[in-house]
Amino acid sequence: MESINIALDGPAAAGKSTIARRVASKLSMIYVDTGAMYRAITYKYLQQQRPEDFQKLVNDTTLELKYDDTKGQRIILDNQDVTDYLRENDVTQNVSYVASKEPVRTFAVEKQKDLAAKKGIVMDGRDIGTVVLPDAELKVYMIASVEERAERRQKENEERGIPSTLEQLKQEIADRDHYDMNREISPLRKADDAITLDTTSKTIEEVTTEIMAMVDNLRK
C-alpha cells in the first residue's frame with residue numbers, strides 16, 4: 001500500500017495524542033502533535049505578557065519538531081526545548097484563545113502541511129481533516145464524554161504534579177468545547193468523510209485496535 005496520511009480530530013482530552021502516537025508507532029509513520037505547536041506559541045504569548053500583535057508574535061517565532069529516541073517528539077521554540085512546559089495550567093487555559101487568532105493559525109497550518117507533503121504522517125488536532133489535511137486517506141473524529149475527558153486530564157495532571165480538581169476540569173473542558181466549536185477561524189467540526197469513534201469507557205489499546213482495523217480496510 002502506498003504511504004497515507006491519517007487525520008485524528010476531536011475535542012480536548014478525547015485521547016487523540018496518545019492514540020496518534022501509538023498508531024504512528026505501529027505503522028512506522030511520523031506523528032505530528034499539532035496541539036503542542038499551538039501550546040508552544042501560547043507559551044511564548046504568556047512569556048511576553050500577552051501581546052496584542054499576533055502577526056508580530058509569529059513573525060518573530062521559529063518552531064521546529066524534533067524526534068528523540070527516548071523522549072519522543074520535542075518542540076523547539078526559538079531554539080529552546082519547551083516541551084516540558086506546554087501542559088502547565090496557564091498554557092492549557094489560554095491555548096484555545098491563541099490558536100483562534102488568524103496569524104497563529106496560518107503560521108501553524110503552513111508548517112503542518114509542509115510536514116505532511118511527503119505522506120506517512122499521523123496528525124491530530126481540531127481542524128486536521130477539514131483544513132490541514134482535507135485529502136487525508138483516513139480521517140477519524142474522536143469523541144468522549146466530558147466526565148471521562150475530565151478524569152483523563154486529572155490523571156495526567158496528577159502524574160505531572162499539576163494542581164487541579166475534577167469539577168474545575170469539567171467546566172474548563174466544556175468551556176473549551178464551546179469555544180473551539182464556535183470560533184470564527186477553523187472551528188472544531190467533523191469532516192464529512194470522517195469516521196466517528198467514541199472512546200468513552202474504552203482502553204487505549206481498544207481504540208488503537210479499532211483504528212488499525214480502519215487502516216486494514218483501506219488496504220483491501
Side-chain angles (χ1 to χ4, degrees), residues 5-14 16-17 20 30-67 73-119 121-136 139 141-142 153 172-192 194:
N5 285 332
I6 299 175
L8 302 183
D9 286 305
K16 302 184 299 296
S17 297
I30 295 172
Y31 165 58
V32 177
D33 183 354
T34 65
M37 297 172 73
Y38 289 110
R39 284 175 175 271
I41 300 170
T42 303
Y43 175 78
K44 180 171 182 174
Y45 164 79
L46 294 170
Q47 291 294 303
Q48 293 193 355
Q49 305 300 313
R50 305 171 186 254
E52 295 182 4
D53 190 342
F54 284 91
Q55 189 63 63
K56 184 178 187 305
L57 180 72
V58 296
N59 285 348
D60 295 339
T61 296
T62 61
L63 190 62
E64 298 177 80
L65 276 63
K66 293 188 176 180
Y67 296 89
Q73 180 179 276
R74 309 298 292 177
I75 306 297
I76 311 302
L77 174 72
D78 300 334
N79 298 315
Q80 177 189 2
D81 186 339
V82 298
T83 312
D84 295 337
Y85 304 108
L86 302 186
R87 293 288 170 180
E88 293 179 348
N89 278 339
D90 56 349
V91 174
T92 296
Q93 291 165 5
N94 286 277
V95 65
S96 285
Y97 170 72
V98 173
S100 72
K101 299 303 179 181
E102 191 277 333
V104 175
R105 212 81 205 169
T106 298
F107 173 82
V109 169
E110 286 177 357
K111 289 189 174 297
Q112 293 156 14
K113 287 185 174 183
D114 286 345
L115 288 167
K118 294 182 179 180
K119 301 284 190 175
I121 294 292
V122 180
M123 193 176 289
D124 73 296
R126 285 165 177 72
D127 61 349
I128 308 306
T130 56
V131 176
V132 183
L133 301 179
D135 297 324
K139 302 176 186 178
Y141 189 77
M142 295 174 58
R153 184 56 54 80
E172 287 179 0
I173 286 173
D175 290 345
R176 187 168 180 187
D177 285 352
H178 178 78
Y179 190 93
D180 288 346
M181 291 176 179
N182 291 281
R183 68 189 181 199
E184 185 174 344
I185 301 172
S186 298
L188 167 64
R189 65 179 178 83
K190 177 187 172 185
D192 293 339

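What you are looking at is a predicted structure, and each value in this text was computed from that prediction instead of being measured.
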Under the salt bridge (charged side-chain N to carboxylate O under 4.0 Å, His left out) rule, collect the residues that match up with Asp90, sequence neighbours excluded. none
Test of understanding: with ring-ring contact (aromatic ring centres under 6.0 Å, His included), list the residues that count as partners of Tyr85, not counting sequence neighbours. Tyr43
Quick one: closest heavy-atom pair of Val104 and Ala99, and the distance? CG1-CA, 4.3 Å
Any side-chain heavy-atom pair of Arg126 and Lys16 under 4.5 Å: yes
Pair Asp33 + Arg74, salt bridge at N-O below 4.0 Å: no
So do the side chains of Leu65 and Met37 get within less than 4.5 Å of each other, counting heavy atoms only? yes
In chain order, what residues pass the salt bridge (charged side-chain N to carboxylate O under 4.0 Å, His left out) check against Lys56, with sequence neighbours excluded? Asp60
Please check if the distance between the ring centroids of Tyr31 and Tyr67 is under 6.0 Å. no
Kindly determine whether Leu46 and Asn94 satisfy side chain to side chain contact (heavy atoms under 4.5 Å, CB included), including the steps that lead there. CA-CA 9 Å; Leu46 294 170; Asn94 286 277; 3.9 Å; yes
Could you tell me if the side chain of Met123 sits less than 4.5 Å from the side chain of Asn5, heavy atoms only? no
List the residues meeting side-chain hydrogen bond (donor to acceptor under 3.5 Å, both in side chains) with Thr83, not counting sequence neighbours, and say none if there are none. Asp81
Lys119: which residues meet the salt bridge (charged side-chain N to carboxylate O under 4.0 Å, His left out) condition with it, sequence neighbours left out? Glu137
Salt bridge (Lys or Arg N to Asp or Glu O under 4.0 Å), that's the test. Do Lys101 and Asp53 meet it? Break it down for me. CA-CA 10 Å; Lys101 299 303 179 181; Asp53 190 342; over 6 Å; no
In chain order, what residues pass the ring-ring contact (aromatic ring centres under 6.0 Å, His included) check against Tyr38, with sequence neighbours excluded? none
Measuring only between side-chain heavy atoms, which start at C-beta, is Val109 closer than 4.5 Å to Asp127? yes
Indicate the atoms forming the closest heavy-atom contact of Ala40 with Ile75, along with that distance. CB-CG2, 3.7 Å
